Amino acid sequence: MDMTGGEALARSLAANGVSQIFGIPGVQLDHAADALYHAGDDIAFTCVRNEQAATYMADGYARSTGRPGVAMVVPGPGMLNGLAGLATGYACSSPLLYVCGQIDSGAIGRGLGALHEIPDQSGILRTLTKWSGMAKRPEDIPGLVHRAFAELRSGRPRPVGLEIPPDVLAARADVQIPGAAPAAPAVPDQKPIDAVAEMLRGSRRPVIYAGGGVIAAGASEELRELAEILHAPVVMSENGRGAISARHRLAFDALAFRRLREDADVVLAVGTRFVTAFGGQVNTAGARLVLINAEAADLGEPRAPELGVHADARLALAALAEELRGADRESRVAEFDAVRAWLEEQYADIAPQRAYLKAIRSTLPDDGVLVSELTQIGYAGNVCFPVYRPRTYLTPGYQGTLGYGFATALGAKTAAPERPVVSVTGDGGFSWTLQELSTAKKYGLATVTVVFNDGYFGNVRRIQKNRFGARYFASDLVNPDYAKLADAFGIAAARASGPEELEAVLKEALTANEPVLVDAPVGEFPGPWHLIHEGVPRPAPLETS
């Protein structure tokens, strides 16, 4: 069929189920934009105010649904602006397609100073993607899009990139559009499954450690079934929260692993990198370690498993459940009760943050999404916020991307407008993308954004106070009046001084069919780092005067 490269792109994306794109149009994308205009009944386009928000929103869309998110930007500065979101998606194994414009084909690599030209854009893109390709002819586009989605739907999901020069988008050719790329999960071999099953069959106190790969694989039911067969506690990593409901008798926060491992004889770690923030294997206290991962590289050093299984989490867990059904296991209720009592003792150190988290949890429905930021409430949420369903708690993972949260929440809301979405952010992080209040207003994205406002980069200031003798450097902020800021964008605003007021504000805001910005003034919080990272000493009590 005769069509332009832009039309080939739009039709190829639609053939792979794409119904939403985030981005900003520009001269190198003109023919793609025109094709999307004509495809408007099939593909919606959300125009953001900075390319950074395009990739954040695509990531929020992808991780809250499991469907690939798509961002489209111009080359050079546009492509570079979106890299923070791309890096976050890479860290969090997000299925994200980054469609980047290019300069004209004949000028690539020649250093002629073409508009938006940068040296080796393709090389930059390769560093933050699982796969990337460039179209040289309109006929190439359907095959490259098909390959991109094949990569997104196989193995470990991570961002992929596609570059298309403007002359290729404008050119016409006879183009054939293939069907959707199929899913191709990593199928486990039976021999290692048998070996793992035998080890678990002989264990008395197994512990399951579930990471984000369980959620990415849609393996929650298989995880729950295996845990119940084994009577094994399920410890969920930061990105694995919600893999099974926090209400389940076998569900535990990551902090519980410090106690559960003391009596464990086998640790089954599924869909997790299983390394600390400092680059070493998570301490298993001598328990035998089994790793299951769709990423073969995550089965090796610095980890030292007794058994490693390269497989999709859902397929591997289902195979193990099939092998182990009917096993006779002893009760571990007393052990679990003791661990939960120990956890409550540890959580007392973050009582102020936990009070805010309880206010959020009491008002947010089970299927509502909380996007956690790098703020003191977010740090505590990563430790103890109860999550009841998969894909309802989003973090920036090991990338620790300050400022990602508000725009990511907008992407989650775009994906499911009927689902409540709350973003918790600090006044520092919110400033990264606050211009996207315009996007929220334009598209009616009824997120509730809570800005915890202390006037500082709070964690930076705490470190300067505790480690550097209160030699404060560049950690204070000058913030806008958030009510006036919201009003300038035509958005509703509220103020919440304390957890009780926040609960009342959220009850009302979550029923409003409009975006709401909540200013939550706060003071200094106790640091949660000793709960997040082993070896960090317990902080001194906060000064009360």
Side-chain angles (χ1 to χ4, degrees), residues 21-24 26 46-64 68-101 116 118-130 132 152 157-163 212 238-239 277 371-375 378-379 382 394-414 423-440 447 449 451 457 459-460 474 477:
I21 298 175
F22 305 94
I24 300 177
T46 297
C47 183
V48 301
R49 300 302 297 269
N50 184 294
E51 290 92 353
Q52 188 179 57
T55 49
Y56 285 145
M57 290 181 72
D59 180 31
Y61 181 99
R63 280 198 282 151
S64 65
V70 181
M72 189 173 79
V73 301
V74 298
M79 176 266 192
L80 293 173
N81 278 343
L83 291 186
L86 199 67
T88 305
Y90 191 86
C92 297
S93 300
S94 183
L96 193 163
L97 171 60
Y98 199 29
V99 179
C100 300
H116 293 346
I118 57 173
D120 197 14
Q121 173 174 296
S122 300
I124 295 170
L125 190 59
R126 280 194 297 271
T127 64
L128 289 172
T129 54
K130 177 182 179 181
S132 65
L152 291 173
R158 269 184 158 166
V160 297
L162 177 59
E163 296 174 278
E238 179 180 312
N239 280 339
V371 182
S372 169
E373 252 278 12
L374 273 75
T375 185
Y379 297 137
N382 293 344
L394 305 183
T395 84
Y398 71 76
Q399 197 59 229
T401 322
L402 181 60
Y404 94 108
F406 171 50
T408 300
L410 294 179
K413 189 66 176 179
T414 303
S423 167
V424 295
T425 182
D427 44 351
F430 182 58
S431 65
W432 258 253
T433 58
L434 61 79
Q435 74 280 349
E436 302 306 328
L437 288 168
S438 170
T439 306
T447 53
T449 305
V451 181
F457 288 121
N459 200 55
V460 173
L477 304 172

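Keep in mind it's a predicted model, so treat the numbers as computed, not measured. When a residue number appears, it is its place in the shown sequence, counting from 1.
Summarising the geometry, atom OG belonging to S64 is positioned 9.0 Å from atom CG belonging to D59; distances are rounded to the nearest 0.5 Å. With rounding to the nearest 0.5 angstrom, the CG atom of D427 is 7.5 Å from the OG1 atom of T375. Taking SG of C100 as the reference point, atom CD of E51 lies at 10.0 Å (rounded to 0.5 Å). Here the CG-OH distance, from L128 to Y98, works out to 10.0 Å after rounding to the nearest 0.5 Å. Here L394 contributes atom CG and T408 contributes atom OG1; the two are 7.5 Å apart, rounded to the nearest 0.5 Å. Atom CD of E163 and atom OG of S132 lie 6.5 Å apart (nearest 0.5 Å).
Using a 4.5 Å cut-off on side-chain heavy atoms (C-beta onward), D120 and R126 make contact. Side-chain contact between T46 and T439 is present, with heavy atoms from C-beta onward closer than 4.5 Å. Counting heavy atoms from C-beta outward, T414 and F22 have side chains that approach closer than 4.5 Å. Side chains of Y56 and V48 form no contact here, defined as non-hydrogen atoms less than 4.5 Å apart. Y61 is not listed as a side-chain neighbour of V70, based on a closest heavy-atom distance of 4.5 Å or more. Contact of the V73 side chain with the I24 side chain is not registered, since no non-hydrogen atoms from C-beta on lie closer than 4.5 Å. For the pair L402/F457, a side-chain contact is recorded, criterion being any heavy-atom separation below 4.5 Å from C-beta on. Using a 4.5 Å heavy-atom cutoff, the side chains of Y404 and T55 are not in contact.
Taking each heavy atom of A62 and P95 in turn, the nearest pair found is CB-O, 3.5 Å. When all heavy atoms of H116 and P75 are compared, the pair lying nearest together is CB-O, 3.6 Å. In this structure, S423 and A409 approach most closely via the heavy-atom pair CB-CB, 3.7 Å. S372 approaches P396 most closely through the heavy-atom pair O-CD, 3.9 Å. Between A407 and M57, the shortest heavy-atom contact is O-CG, 3.1 Å. When all heavy atoms of G397 and N239 are compared, the closest pair comes out as CA-ND2, 3.7 Å.
A donor-acceptor contact closer than 3.5 angstrom is absent between the side chains of T433 and Q52.
Evaluated for a side chain to side chain contact (heavy atoms under 4.5 Å, CB included) with F406, the options Q435, E373, E436 yield exactly one hit, E436. Of the candidates L125, T127, I124, L125 is the only one forming a side chain to side chain contact (heavy atoms under 4.5 Å, CB included) with L86.
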- Might you work through the side chain to side chain donor-acceptor pair (under 3.5 Å) test for T401 and T88, ending with a clear yes or no? CA-CA 7 Å; T401 322; T88 305; 2.6 Å; yes
- Task: Start with the C-alpha distance between T449 and L437, add both sets of side-chain angles, then the distance that settles side-chain contact (heavy atoms from CB on, under 4.5 Å), and finish with yes or no.
- Result: CA-CA 10 Å; T449 305; L437 288 168; 5.8 Å; no
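Panel note: side chain R158, backbone Y90; a donor-acceptor pair is recorded below 3.5 Å.
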